[in-house]
Protein chains: 2
Amino acid sequence: MRYARQNKILEIIKSQEIDTQEKLAEILRKTGFQVTQATVSRDIKELQLIKTTSESGQSCYTLPAKMEAPLSDRFRKILKETIQSVDAAENLIVVKTLSGCANAAGEAIDTSDYPQIVGTLAGDNTLLVIVDKKENVSQVMAAFEEIIA
Amino acid sequence: MRYARQNKILEIIKSQEIDTQEKLAEILRKTGFQVTQATVSRDIKELQLIKTTSESGQSCYTLPAKMEAPLSDRFRKILKETIQSVDAAENLIVVKTLSGCANAAGEAIDTSDYPQIVGTLAGDNTLLVIVDKKENVSQVMAAFEEIIA
DNA sequence: ATGAAATATGAATAATTATACGACCGGTCT
DNA sequence: AGACCGGTCGTATAATTATTCATATTTCAT
């Protein structure tokens with residue numbers, strides 16, 4: 001699923017200076033994402049990454065300066081497309097996602113700043129959402145249901 | 001001189017969505033700057049313009065988000081390289097520049113926000129700088145001299 | 001289940017951008 | 001004057017990126 005890969009791309013470009021899509025593709029391949037430059041090109045377009053040239057003259061891909069509006073749409077889309085099911089247990093919500101996408105979904109939720117959500121914990125295809133109070137669980141679940149509807 | 005051209009480039013990309021360097025080169029040629037894509041590529045690198053993709057999916061060159069530090073260096077450089085002479089008359093300073101560069105120098109000065117400078121008026125190779133008080137003229141001139149030294 | 005539509009992707013290639021190289025000033029030094 | 005240097009730029013081309021086309025896979029409505 002491409003969201004897990006795109007998540008990885010963001011991770012990579014945040015930690016090192018990448019100046020070509022081919023290099024990005026190579027790193028992804030080493031990390032287990034079997035992918036070509038063509039796909040990386042598409043991912044970069046979708047993530048709206050930009051190629052800047054730093055003062056050192058070194059060019060590299062970075063996040064866009066204004067990432068609010070576009071990305072919040074993006075998060076909603078990620079949740080919509082990766083969440084398989086949502087269940088509650090006490091003050092916890094167990095979210096099942098597509099394989100490898102729990103992390104991406106977790107980041108999307110974290111970044112969306114739900115006040116009732118204390119934190120999230122992501123496995124491979126399971127995301128644990130910790131809610132502050134048992135009473136708020138249904139409210140948060142309703143929000144999720146609404147998104148994935 | 002390339003600063004006049006780069007100034008034009010900024011003007012163009014601010015007023016319309018340009019998605020390739022070739023198109024930019026064509027517009028420049030129509031405007032009288034006889035130039036090839038190669039040169040535009042170099043200008044774009046120097047201006048640190050970035051190619052973003054707008055929400056409409058249309059990609060285009062734009063100014064970098066953070067343009068403070070790099071551009072102030074740039075302005076200083078423009079002044080240093082384009083100013084030919086500086087003379088005063090009452091509360092006015094007459095700056096001679098390389099042909100076609102008065103505008104670029106004027107913008108550089110305007111953007112630098114000297115408190116004593118009321119405004120500037122640019123011809124082709126002459127820039128008139130209007131200083132608030134006659135007494136401040138020598139101070140501003142000293143600043144210019146320092147830059148072009 | 002079954003076929004139609006949507007999605008994702010790779011291979012090949014088209015389109016775009018960056019650069020190596022050489023030419024051409026304009027200024028400077030001897 | 002002549003040699004030299006630094007900067008600018010075009011041509012040709014290398015390098016990079018985007019897209020077209022074909023497939024495979026999934027989704028979804030019958």
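Labels below follow one simple rule: chain letters A, B, ... track the order of the sequence lines, proteins then strands, and each chain is numbered from 1.
- Set against D/dG10, D/dT17, C/dA18, the side chain of B/Val35 has D/dG10 as its closest nucleotide.
- Within the structure, every side-chain polar atom (N or O) of B/Tyr61 is placed at least 4.0 Å from both OP1 and OP2 of C/dT16.
- A/Arg42 has no side-chain polar atom (N or O) that falls below the 4.0 Å cut-off from OP1 or OP2 of D/dT17.
- The side chain to side chain contact (heavy atoms under 4.5 Å, CB included) search around A/Ile12 returns A/Lys8, A/Gln16, A/Ile18, A/Leu24, A/Ile27, A/Leu28, not counting sequence neighbours.
- Closest contact between the side chain of B/Arg5 and the listed nucleotides C/dG10, D/dC9, D/dT11 involves D/dC9.
- Judged by atom type and distance alone, B/Gln37 reaches the base of C/dA18 through a side-chain donor-acceptor pair under 3.5 Å.
- As judged by a 4.0 angstrom heavy-atom cut-off over every strand, B/Gln34 is placed among residues touching the sugar-phosphate backbone only.
- Put simply, NZ on A/Lys45 is 13 Å from C1' on D/dT20, counting in whole angstrom units.
- A donor-acceptor pair shorter than 3.5 Å cannot be found between the side chains of B/Glu22 and B/Gln37.
- Contact check, B/Lys51 against C/dT16: no side-chain N or O comes under 4.0 Å of OP1 or OP2.
- The nearest whole Å value for the distance from the CG atom in A/Asp19 to the C1' atom in D/dA14 is 15 Å.
- Between B/Ser41 and C/dT17 there is no side-chain N or O to OP1 or OP2 distance below 4.0 Å.
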